[in-house]
Engineer: 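The following block contains the structure, expressed as structure tokens.
Basis for what follows: all heavy atoms, side chains included, without hydrogens, waters or symmetry-related copies.
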Amino acid sequence: MASLSAIHNIGESIVQLLRNRRGILAAENRLGPIPAAETILQIDLSKLSGTAPTAGIALTCYHIGYSEHTPARMASRDVATTHGISLELCYLLSSWSSNAAVEAAHISWAMLELSRYPTLDRGMLIEPDSWDRDESLQIVPDNAAPEQIFRLWDALKMKHRLSALFRVRVVRLGYGPVADAPPVVASRLSFAHGDVTTASEFA
């Protein structure tokens, strides 16, 4: 189960995956027309609609919703520890090169890499201590109709770019181990022979 701070880090983990893969392929001279130094970054939805990137690959989370793939919870376990919600994060992946050939190749490469590595386990996630040891996330292509992508860019008040949609699931979000009741005020009582004043000093 992830902590609240882990949500933003999912996008950062995907960006880091793409950067690492690009570095490996560049060292092997297998990138072809893919620029080895252009930016790959996560951009907030508000920033994407305000200032467009000038180059590279941009990753933007545009929706967070409940997941239908909710893992079953065992009734015998501590409810305070296991209670949470299951989410799916929807991402827009877009290419911003000024060269048409590079723009097409760049986003196609990113789609290929996310297809080759569709699972983010704890070792690939930023700040792994924010996740359970057995936690893993699936990167799933969202085969939306072109009209849906056009509407998304129209809502952002921006010209359409080569882009793809995908989801990350299932993100189990919760607080982790917490007290299931108000804390008990601790008190100490002690008894000793003697007068009341001496006994109260030990209370």
Side-chain angles (χ1 to χ4, degrees), residues 6-65 67-69 87-126 135-171:
I7 299 300
H8 179 76
N9 289 336
I10 294 174
E12 293 299 314
S13 300
I14 296 172
V15 166
Q16 189 61 49
L17 168 64
L18 292 175
R19 289 173 180 167
N20 290 343
R21 286 295 303 159
R22 186 177 64 179
I24 293 172
L25 293 172
E28 298 174 351
N29 196 28
R30 295 171 58 195
L31 277 181
I34 307 301
E38 281 194 1
T39 304
I40 302 176
L41 77 168
Q42 179 175 210
I43 300 180
D44 296 341
L45 194 61
S46 59
K47 292 182 180 179
L48 181 63
S49 61
T51 304
T54 57
I57 290 288
L59 179 71
T60 303
C61 181
Y62 68 91
H63 178 71
I64 300 177
S67 176
E68 297 178 356
H69 305 269
L87 302 175
E88 291 191 9
L89 278 58
C90 300
Y91 286 94
L92 171 70
L93 185 72
S94 53
S95 181
W96 294 88
S97 176
S98 59
N99 181 290
V102 173
E103 180 185 21
H106 213 169
I107 191 166
S108 299
W109 165 79
M111 294 169 68
L112 173 62
E113 291 299 325
L114 294 181
S115 176
R116 291 185 65 189
Y117 300 93
T119 302
L120 296 172
D121 59 28
R122 187 171 180 265
M124 301 170 67
L125 292 166
I126 302 294
E135 203 82 42
S136 65
L137 305 175
Q138 299 297 318
I139 301 174
V140 184
D142 189 343
N143 295 317
E147 290 78 10
Q148 180 178 340
I149 301 179
F150 292 148
R151 288 197 299 268
L152 180 56
W153 284 107
D154 186 59
L156 292 170
K157 307 298 183 184
M158 300 188 70
K159 294 182 178 179
H160 179 266
R161 303 290 305 193
L162 283 181
S163 51
L165 305 180
F166 64 92
R167 296 169 179 254
V168 173
R169 67 186 188 197
V170 174
V171 183

Engineer: Can you name the nearest heavy-atom pair linking Leu59 to Gly11, along with the distance?
Structural biologist: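 Result for this residue pair: CD2-O, 3.5 Å.
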Engineer: Mind listing the closest non-hydrogen atom pair of Ala144 and Leu165 along with its distance?
Structural biologist: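 For Ala144 and Leu165, the tightest heavy-atom pair comes out as CB-CD1, 3.8 Å.
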Engineer: May I ask you to test the Leu114-Leu17 pair for a side-chain heavy-atom distance under 4.5 Å?
Structural biologist: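 Answer yes - side chains close enough.
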Engineer: State, yes or no, whether a side-chain contact exists between His8 and Gln42 at a heavy-atom distance under 4.5 Å.
Structural biologist: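 When only atoms from C-beta onward are counted, Gln42 and His8 do touch, with a gap below 4.5 Å.
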Engineer: So, do Leu137 and Leu89 sit near enough that their side-chain heavy atoms are less than 4.5 Å apart?
Structural biologist: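 Leu137 vs Leu89: side chains apart.
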Engineer: Please test Ile139 against Tyr91 for side-chain contact (heavy atoms from CB on, under 4.5 Å), starting from the C-alpha separation and ending with a verdict.
Structural biologist: CA-CA 10 Å; Ile139 301 174; Tyr91 286 94; over 6 Å; no
Engineer: Would you say the side-chain atoms of Arg19 pair up with the backbone N or O of Ile40, donor to acceptor, closer than 3.5 Å?
Structural biologist: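 Checked: pair present.
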Engineer: When you check the side-chain N and O atoms of Ser163 and Trp153, is any donor under 3.5 Å from an acceptor?
Structural biologist: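 On atom types as modelled, these side chains qualify, holding a pair under 3.5 Å.
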Engineer: Could you tell me which non-hydrogen atom of His106 sits nearest to which non-hydrogen atom of Ser95, and how far apart they are?
Structural biologist: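 What the structure gives for the nearest pair is CB-OG, 3.8 Å.
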Engineer: Take Glu103 and Arg161 through the test salt bridge (charged side-chain N to carboxylate O under 4.0 Å, His left out) and record every step on the way to the result.
Structural biologist: CA-CA 9 Å; Glu103 180 185 21; Arg161 303 290 305 193; 3.3 Å; yes
Engineer: I want to check something: taking the side chain as every heavy atom from C-beta on, are Asp121 and Glu135 in contact at a cut-off of under 4.5 Å?
Structural biologist: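 Asp121 does not reach Glu135 side chain to side chain.
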Engineer: Please find the pair of heavy atoms, one from Tyr62 and one from Leu92, that lie closest to each other, and give the distance.
Structural biologist: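 Nearest pair, atom of Tyr62 first, then Leu92: CD2-N, 3.7 Å.
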Engineer: Do any N or O atoms from the side chain of Asp44 and from the backbone of Ser46 form a donor-acceptor pair under 3.5 angstrom?
Structural biologist: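 Flag not set: sc Asp44 to bb Ser46 has no pair under 3.5 Å.
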Engineer: Write down the atom of Met124, the atom of Thr119, and the distance for their closest heavy-atom approach.
Structural biologist: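 Closest heavy-atom pair between Met124 and Thr119: SD-O, 3.5 Å.
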Engineer: Quick one: does Phe166's side chain get under 4.5 Å of Met111's, heavy atoms only?
Structural biologist: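 Result no, sub-4.5 Å side-chain heavy-atom pair not found.
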Engineer: Is the backbone of Ile43 close enough, under 3.5 Å, to the side chain of Thr60 for a donor and an acceptor to pair up by distance?
Structural biologist: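 Between the backbone of Ile43 and the side chain of Thr60 there is a qualifying donor-acceptor contact (under 3.5 Å).
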Engineer: With a 4.5 Å cut-off on side-chain heavy atoms, are Glu38 and Ile57 touching?
Structural biologist: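 Heavy-atom side-chain distance check fails, nothing below 4.5 Å.
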